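Just below is one structure, and these are the notes that go with it.
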Amino acid sequence: MKKTIAAAGLVCILVSGTLLPPAHAARQPADCGSLRGLRLPASVIGLPTTGGEVSAANTIAPSGSGTSATGAYCRVEAVIHPVDPGAPDITLRVALPQQWNTKSMMFGGGGYDGTIPDVTGNVPFGPISQPRPLSRGYATYASDSGHQAAPDFTPTTSLDGSFGLNDEAVRNFAGDALKKTHDAARHIIRAHYGTAPAHTYFAGGSSGGREALAVVQRWPTDFDGVIAAYPAWNAAGLNLFFGYEAQILSRPGAFLNPAEQELLYRGVIRSCDGDDGLRDGVISNEPGCRFQPRTLRCPGGKDTADTCLSDHQIHAVEALSSPLRWKYRLASGETGYPGFPFLSGADMTTPLLGMGVRAPGHPMPKDSGYGVQFWDQWVRYFVTRDPAHDPLAVDPRRPGAWQHRISRLSALQDVNDPDLRRFAKAGGKLLLLHGTADELVSHRSTVEYFQRVQQRVGPRATGAFARLYLIPGANHANVDASFAASYDSLSSLESWTEDGRAPSHPVVTDTSPAGNTRTRPLCAFPSWPKYRGHGDPASARSFTCHSTPPRT
């Protein structure tokens with residue numbers, strides 16, 4: 001028997017003698033400790049697992065003040081068990097606020113994952129002047145993507161790819177763990193509050209940005225709003241470029257030390273800063289910058305000092321700034337990677353995320369660039385599955401015996417389906433954000449993906465549910481950047497998703513010490529901020545969003 005009755009001011013449903021709250025109407029949360037031992041049946045998880053359970057649940061007291069204040073919440077630790085007994089568990093964490101806003105936020109990871117992102121943290125480029133999702137009342141959650149990185153791995157645990165020896169762990173990292181984590185967290189949220197979230201969101205950057213696009217493409221009805229920042233969506237293609245970078249920079253005389261990297265960066269800024277109408281240390285129109293590195297050439301082309309570049313170094317920079325194409329077929333269909341804007345504004349002042357402090361080699365130095373270390377792990381654990389293999393011995397342009405394996409991995413890791421119509425039809429909204437000074441994931445690749453979406457879905461239809469914002473001067477880490485971007489993307493996404501108000505004239509703030517909270521218009525691709533020639537240069541109102549033809 002099913003009957004609708006009123007209870008405590010709510011319209012409830014009586015089913016077989018059990019009074020259920022209406023969808024998305026939260027009741028008084030259950031006691032936090034009562035979640036300990038909660039089963040996560042395999043039947044509630046949309047991909048194969050052997051179920052799981054909550055291993056710990058503890059109440060965390062309020063902390064912080066102002067916009068950094070976090071109210072009391074229940075912190076839940078849980079595990080999801082694999083089908084393959086030799087594969088690692090997925091570990092996840094859920095934060096359940098006592099004052100719940102009936103929404104949820106899943107955070108993506110970074111690099112090779114292996115640790116649980118901070119569920120009390122912020123979305124990429126999120127402003128410190130606004131409360132973080134948990135502080136806003138979101139139930140937040142995240143997982144390690146299905147493996148646990150070695151805690152002593154240097155320089156960062158996100159570079160531990162040793163899990164690649166296990167097939168199920170690779171599939172989880174490639175995307176399966178996202179669905180498993182979402183479904184398990186939803187079960188926990190429902191058990192605690194008595195109802196599922198009214199609105200579900202996802203936010204991630206880098207590998208987490210790839211994960212953001214994975215949920216949009218593979219599970220288009222699971223999330224209402226998604227923030228994908230600097231997404232490494234073509235992961236296999238990016239890995240192949242990293243391998244190309246490793247080969248180029250390992251050649252005798254080709255590597256630029258940190259002083260030479262900064263020399264190149266400052267030369268680019270001097271050459272192209274001002275093309276947007278204002279000399280402010282930021283290149284706004286990256287496609288319009290055509291710096292000639294030969295202006296920094298050492299006498300005779302020899303590496304004689306840190307104040308000039310040799311011919312070998314110039315050739316290396318030109319190669320890494322140009323598209324890479326491979327002539328063999330990948331299962332994902334990708335045929336190349338667009339290169340990095342090292343000659344048009346990529347931030348080279350953070351060596352780890354760029355070229356590193358030392359040239360690539362075997363074994364791979366821990367102070368070489370992040371990208372070539374990423375390649376090292378991919379070759380040894382994902383491709384050859386031989387931890388002793390020399391990563392420089394695999395040529396990304398002619399991989400020989402490893403071509404078939406690389407192709408198979410591309411089908412798993414490249415999240416490149418441009419047909420987002422199911423996500424749009426379900427009411428989903430997508431914000432894509434990428435800094436044009438990114439030294440680890442090229443913003444050109446994000447432009448490439450967005451253009452594919454526009455071609456497949458149609459420009460007008462795409463604009464109804466998706467935006468791409470390129471942020472001049474913003475780098476990958478958003479630390480020590482020419483423009484340390486801060487944008488309240490979550491509030492914009494909430495308004496668009498829940499109230500139908502698309503972003504209108506958004507503004508991004510520079511939180512770097514030198515930036516002194518200057519603002520710029522956040523221009524929708526393909527436009528960029530151009531100074532009007534008058535007005536306060538620190539105010540977004542003194543700029544217009546100027547359009548130029550896309551890079552060809």
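Just so you know, these numbers come straight off a predicted model, no measurement behind them.
Atom CZ of Arg422 is surrounded by 12 or fewer heavy atoms from other residues, nucleotides or ligands within 6.0 Å. Crowding of Arg541 atom CZ: a count of heavy atoms from other residues, nucleotides or ligands under 6.0 Å not exceeding 12. By the 6.0 Å contact criterion, CD on Gln130 is enclosed, its count of non-hydrogen atoms from other residues, nucleotides or ligands being greater than 12.
Using a 4.0 Å cut-off between a side-chain N of Lys or Arg and a carboxylate O of Asp or Glu, Arg456 and Asp419 qualify as a salt bridge. By the 4.0 Å N-to-carboxylate-O rule, Arg452 lies too far from Asp417 to be salt-bridged with it. Taking a cutoff of 4.0 Å between a charged side-chain nitrogen and a carboxylate oxygen, Arg266 and Glu260 do not qualify as a salt bridge. Looking at Asp224 and Lys429, no side-chain N of the basic residue comes within less than 4.0 Å of a carboxylate O on the acidic one, giving no salt bridge.
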Stepwise side-chain contact (heavy atoms from CB on, under 4.5 Å) test for Val119 and Val94: CA-CA 7 Å; Val119 294; Val94 186; over 6 Å; no

Stepwise side-chain contact (heavy atoms from CB on, under 4.5 Å) check, Gln413 with Trp378: CA-CA 12 Å; Gln413 294 184 266; Trp378 199 59; 2.9 Å; yes

Asp144 vs Thr91, side-chain hydrogen bond (donor to acceptor under 3.5 Å, both in side chains): CA-CA, chis, key distance, verdict: CA-CA 6 Å; Asp144 59 10; Thr91 64; 2.5 Å; yes

Evaluation steps, side-chain contact (heavy atoms from CB on, under 4.5 Å), between Leu431 and Val226: CA-CA 6 Å; Leu431 290 180; Val226 173; over 6 Å; no

Check against side-chain hydrogen bond (donor to acceptor under 3.5 Å, both in side chains), Thr544 and Tyr531: CA-CA 7 Å; Thr544 59; Tyr531 184 55; over 6 Å; no

Derivation of the salt bridge (Lys or Arg N to Asp or Glu O under 4.0 Å) call for Glu494 and Arg136: CA-CA 12 Å; Glu494 286 176 326; Arg136 298 186 189 205; 3.6 Å; yes

Intermediate values then yes/no, side-chain hydrogen bond (donor to acceptor under 3.5 Å, both in side chains), Ser491 and Asp488: CA-CA 6 Å; Ser491 291; Asp488 189 7; 2.6 Å; yes

Pair Ile189-Ser104, side-chain contact (heavy atoms from CB on, under 4.5 Å): steps then yes or no: CA-CA 9 Å; Ile189 291 170; Ser104 68; 4.1 Å; yes

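Contact of the His546 side chain with the Ser527 side chain is not registered, since no non-hydrogen atoms from C-beta on lie closer than 4.5 Å. A 4.5 Å side-chain heavy-atom check between Pro537 and Ser542 finds every atom pair outside the cut-off. In this structure, the side chains of Phe291 and Phe342 stay at 4.5 Å or more apart for every pair of heavy atoms. Contact check for Ser344 versus Ile283: no side-chain heavy atoms found under the 4.5 Å cut-off. Taking the side chain as every heavy atom from C-beta outward, Ile227 and Leu493 approach each other to under 4.5 Å. By the 4.5 Å heavy-atom criterion applied to side chains, Met106 and Arg186 are not counted as neighbours. Within the 4.5 Å cutoff, the side chain of Arg75 has heavy atoms near those of the Arg93 side chain. Under the 4.5 Å side-chain criterion, counting only non-hydrogen atoms from C-beta, Phe242 is in contact with Leu440.
Judged purely by atom type and a 3.5 angstrom limit, Asp414 has no side-chain atom pairing as donor or acceptor with the backbone of Asn416. Checking side-chain atoms of Thr295 against main-chain N and O of Gln292 turns up a donor-acceptor pair under 3.5 Å. Without hydrogens or angle criteria, Ser410 side chain to Ser332 main chain gives a donor-acceptor distance under 3.5 Å. The backbone N or O of Gly146 sits nowhere less than 3.5 Å from a side-chain atom of Asp113 that would complete a donor-acceptor pair. Side chain of Arg279 to backbone of Arg270: a donor-acceptor contact under 3.5 angstrom is found. One N or O on the side chain of Ser207 and one on the backbone of Gly111 form a donor-acceptor pair closer than 3.5 Å. No side-chain donor-acceptor contact under 3.5 Å links Glu245 to the backbone of Leu320. Checked by atom type and distance alone, the side chain of Ser135 pairs as donor or acceptor with a backbone atom of Ala69 at under 3.5 Å. In this structure, Gln377 contributes its side chain and Gly161 its backbone to a donor-acceptor pair below 3.5 Å. Within the 3.5 Å criterion, the main-chain N or O of Gly281 finds a donor-acceptor partner in the side chain of Asp273.
Between Trp233 and Tyr449, the ring planes lie tilted relative to each other; the angle falls in the 30° to 60° range. In this structure, Phe173 and Tyr112 have tilted ring planes: the angle between them lies in the 30° to 60° band. Aromatic ring orientation, Tyr337 versus Phe241: tilted (interplanar angle from 30° to 60°).
Taking both residues in full, the closest heavy atoms of Met355 and Val317 are given as CE-CG2, 4.4 Å, listed atom of the first, atom of the second, then distance. Ser482 and Ser512 get closest at one heavy-atom pair: O-OG, 4.4 Å. Scanning all heavy atoms of the two residues, the minimum distance from Asp510 to Ala484 falls at OD1-N, 2.9 Å. The minimum heavy-atom distance between Arg132 and Ser68, with the atom names listed, is NH2-O, 2.8 Å. The two residues Leu256 and Gln313 have their closest heavy-atom pair at CD1-CB, 3.7 Å. Across Phe483 and Pro472, no two heavy atoms sit closer than the pair CB-O, 3.5 Å.
Aromatic rings of Phe107 and Tyr138 (six-membered ring for Trp) have centroids beyond the 6.0 Å cut-off, not under it. Ring to ring, Phe223 and His182 are close: their centroids are under 6.0 angstrom apart.
Only one option out of Leu433, Val441, Leu432 pairs with Pro231 in a side-chain contact (heavy atoms from CB on, under 4.5 Å); it is Leu432. Here the options are His476, His443, Arg444, the test is side chain to side chain donor-acceptor pair (under 3.5 Å), and the partner is Asp438; only His476 passes.
Between the CD1 atom of Ile314 and the CG atom of Leu309 there is a distance of 5.5 Å, given to the nearest 0.5 Å. Distance CG/Leu330 to OG1/Thr335: 8.5 Å, rounded to 0.5 Å. One distance of note links CG of Asn516 with OG1 of Thr509; it measures 11.5 Å at 0.5 Å rounding. In this structure, His199 NE2 and Asn101 CG are separated by 9.5 Å, a value rounded to the nearest 0.5 Å. Here the CG atom belonging to Leu420 is positioned 11.5 Å from the CD atom belonging to Gln454, to the nearest 0.5 angstrom. Separation of atoms CG (Leu178) and OG (Ser143) is listed at 7.0 Å; rounding is to 0.5 Å.
Relative to the six-membered ring of Phe543, Arg518 misses at least one condition, a distance below 6.0 Å or an angle of at most 45° to the axis. Cation-pi geometry between Arg520 and Trp528 is not met: the NZ or CZ atom fails to fall both under 6.0 Å from the ring centre and inside 45° of the normal.
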